[in-house]
There are 2 protein chains.
Amino acid sequence: MDIDDSLGFLLNRSATDMRAALENHLAPYGLTAPQWAVMARVSHTPGIGMTELASQLGYDKPTTSGIVSRLEKRELILRRRSNFDQRAIELYLSDAGKTLFAALPALAQHVNARAAQGFNEGEILLLKELLRRIRQNFA
Amino acid sequence: MDIDDSLGFLLNRSATDMRAALENHLAPYGLTAPQWAVMARVSHTPGIGMTELASQLGYDKPTTSGIVSRLEKRELILRRRSNFDQRAIELYLSDAGKTLFAALPALAQHVNARAAQGFNEGEILLLKELLRRIRQNFA
DNA sequence: GACTTTTAGTTAGCATGCATACAATATTGT
DNA sequence: ACAATATTGTATGCATGCTAACTAAAAGTC
């Protein structure tokens with residue numbers, strides 16, 4: 001049995017390929033895919049906390065904290081202490097972060113469209129459904 | 001649109017989940033998934049070179065070289081200079097490596113079976129086919 | 001044969017991602 | 001009120017996985 005016939009290999013490679021395509025578009029802006037994902041979530045939900053952000057991204061907290069720290073160092077994102085819970089922080093895009101994020105073309109759509117080349121609508125939905133079931137089996 | 005509805009997210013997460021399950025089984029042996037994959041390939045093709053190994057695994061050469069180095073440090077794998085090409089190396093499992101690899105239960109099958117729980121044969125084949133087409137779109 | 005180009009592999013640097021351990025604050029139980 | 005517990009976030013260490021830059025040896029060109 002050939003290695004590139006295994007489900008794990010195919011999942012790994014297709015995920016990596018798709019991510020690489022995304023990062024190709026992000027490179028001119030100096031962003032990585034996870035950084036872009038963080039900015040997208042914070043842009044969508046200003047004031048989001050670290051735990052909720054990590055949960056939405058599917059990362060653990062240390063990973064998410066690290067990505068946020070690198071974005072903070074570039075002054076694209078702000079950590080603010082919550083007034084209601086001294087442990088919690090609220091995340092916001094800085095003005096520079098908002099400007100940069102607004103300047104990004106519709107990257108996700110573009111990469112998704114490329115991934116879906118040659119597929120019909122039903123096939124994509126089916127693929128997503130199968131992937132969700134795979135995840136369920138490991139939950 | 002929810003983030004966990006995107007194809008990229010689903011691919012990434014299902015690949016990570018499956019890999020985590022594999023590493024769960026590998027942990028008692030002190031191996032990671034890529035390390036196991038390297039040992040499996042070298043076991044299958046003794047004397048394989050670094051470039052060919054990297055190609056089969058879908059990694060680049062520096063990544064593969066690093067994984068091999070960590071296995072070599074644990075004396076599970078051997079780097080031998082080729083007699084025909086002074087640049088090339090040939091990879092072999094050490095005796096300890098062979099013993100360890102032989103002691104591993106049929107991990108891939110086990111994890112694959114778990115991933116495929118609730119799927120019929122056709123669905124798995126279809127999923128693999130869809131993933132191959134995704135990869136083609138980014139090739 | 002000398003020169004150029006390829007090819008095999010490593011080194012260095014960076015950003016994930018993970019597990020573990022920790023500090024600080026909130027919450028709960030009594 | 002106060003001790004035990006849970007929760008929020010960070011620090012650390014490690015193994016990927018990538019790009020870019022490099023060395024050494026082989027192959028092609030003239």
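Order of the sequence lines fixes the chain letters, A, B, ..., with proteins taken first and strands second; residue numbering starts at 1 for each chain.
- Within a 6.0 Å sphere centred on CD of B:Gln117, heavy atoms belonging to other residues, nucleotides or ligands number more than 12.
- The side chain of B:Ser65 places an N or O atom within less than 4.0 Å of a non-bridging phosphate oxygen (OP1 or OP2) of C:dT10.
- A donor-acceptor contact under 3.5 angstrom links the side chains of B:Asp60 and B:Thr63, judged on distance only.
- Applying a 4.0 Å cut-off to non-hydrogen atoms, none of the residues of residues 17-30 of chain B approaches DNA chain C.
- Contacts of B:Thr16 with the nucleic acid, taken as non-hydrogen atoms under 4.0 Å apart, involve only primed sugar atoms and P, OP1 or OP2.
- Rounded to an integer number of Å, the gap from CG of B:Asp60 to C1' of D:dT19 is 8 Å.
- Within 4.0 Å of A:Arg13, counting heavy atoms only, lie sugar-phosphate atoms of the nucleic acid but no base atom.
- Two residues, B:Lys61 and A:Pro62, neighbour DNA chain C, and the one matched to the more 5' nucleotide by heavy-atom proximity is B:Lys61.
- Contact between the side-chain N/O atoms of A:Gln35 and the OP1/OP2 oxygens of C:dT16 is found at a separation under 4.0 Å.
- Contact annotation: A:Thr32 side-chain N/O to C:dT16 OP1/OP2 distance is under 4.0 Å.
- One interatomic measurement links the two molecules: CZ of B:Arg70 to P of C:dT11, which rounds to 12 Å at whole-angstrom precision.
- Panel note: side chain A:Arg79, backbone A:Glu72; no donor-acceptor pair is recorded below 3.5 Å.
- Taking each heavy atom of A:Ala96 and A:Glu75 in turn, the nearest pair found is CB-O, 4.0 Å.
- Here the straight-line distance linking atom CH2 of A:Trp36 with atom CG of A:Leu104 works out to 8.5 Å at 0.5 Å rounding.
- Comparing the end axes of the helix from C:dG1-D:dC30 to C:dT30-D:dA1, each fitted to five base pairs by superposing C1' atoms of four pairs onto the next four, gives an inter-axis angle of 20° (nearest 10 degrees).
- Put simply, the side chain of A:Asn112 gets close to the backbone of A:Ala108: a donor and an acceptor are under 3.5 Å apart.
- Under a cutoff of 6.0 Å and an axis angle of 45°, A:Arg114 and B:Phe138 do not form a cation-pi pair.
- A donor-acceptor pair under 3.5 Å is formed between the side chain of B:Arg13 and the backbone N or O of A:Gly58.
- B:Ile67 has its CD1 atom 15 Å from the P atom of C:dT11, to the nearest Å.
- Rounding to whole angstrom units, CD of residue B:Glu72 and P of C:dG9 are separated by 13 Å.
- Per the geometry, CZ belonging to B:Arg87 stands 13 Å off P belonging to C:dT10, to the nearest Å.
- Between B:Asp85 and B:Ser82, the side chains place no donor N or O within less than 3.5 Å of an acceptor N or O (distance only, hydrogens not considered).
- Closest approach of B:Arg41 to B:Leu57, counting heavy atoms only: CG-CD2, 3.8 Å.
- Distance, B:Leu53 CG to D:dT16 P: 13 Å, rounded to whole Å.
- Backbone-only engagement by A:Arg79 is indicated by non-hydrogen atom pairs under 4.0 Å involving sugar-phosphate atoms exclusively.
- Along DNA chain D, the nucleotide nearest to A:Arg81 and the one nearest to A:Asn12 differ in position, and the one closer to the 5' end is contacted by A:Arg81.
- Following rounding to the nearest Å, A:Ile89 (CD1) and D:dA11 (P) show an atom-to-atom distance of 11 Å.
- Counting to the nearest Å, the P atom of D:dT19 and the OH atom of B:Tyr59 are 14 Å from each other.
- Distances shorter than 4.0 Å separate some side-chain N or O of A:Thr51 from OP1 or OP2 on D:dG9.
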